[in-house]
Amino acid sequence: MPAIETKQEQDLNIKVSDAARILGKSEQFVRVGLQRNILPIGTAVQMSSKWTYHISPKLLQEYTGMKISV
């Protein structure tokens, strides 16, 4: 059975600008990567004509191999 995250852990989110800085890429790179499911660090959801993003500190840490603290 998978571990259940606490409410506090579920609420953690990295800003697109911070993820871009950590990755050494542009914010647009991060947004498009999430929208196309190419970048495995979170999710992108289209809300009407706007997109919203959730970037997981845990997934970003696993992807980069860097310690991410929020």
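In this view, T52 and V45, M47 satisfy the side chain to side chain contact (heavy atoms under 4.5 Å, CB included) rule, not counting sequence neighbours. For Y63, the side chain to side chain donor-acceptor pair (under 3.5 Å) criterion is met by no residue, not counting sequence neighbours. Considering only residues two or more places apart in sequence or on other chains, E27 meets the salt bridge (charged side-chain N to carboxylate O under 4.0 Å, His left out) condition with R31.
To the nearest 0.5 Å, atoms OG (S69) and NZ (K67) are separated by 7.0 Å. For the atom pair CG (N13) and CG (D18), the distance works out to 10.0 Å, reported to the nearest 0.5 Å.
W51 is connected to I41 through a chain of hydrophobic side-chain contacts under 4.5 Å among Ile, Leu, Val, Met, Phe, Trp and Tyr, so both are in one cluster. Follow the hydrophobic side-chain contacts under 4.5 Å out from Y53 and you never reach L59; the two are in separate clusters.
When side chains are defined from C-beta on, T43 does not count as touching L34, because their heavy atoms never get closer than 4.5 Å. L23 places a side-chain heavy atom less than 4.5 Å from the side chain of L60. Put simply, the side chain of Q61 does not reach to within 4.5 Å of the side chain of M66, judged on heavy atoms.
Screening I68, V16, L12 for a side-chain contact (heavy atoms from CB on, under 4.5 Å) involving I55 leaves a single residue, V16.
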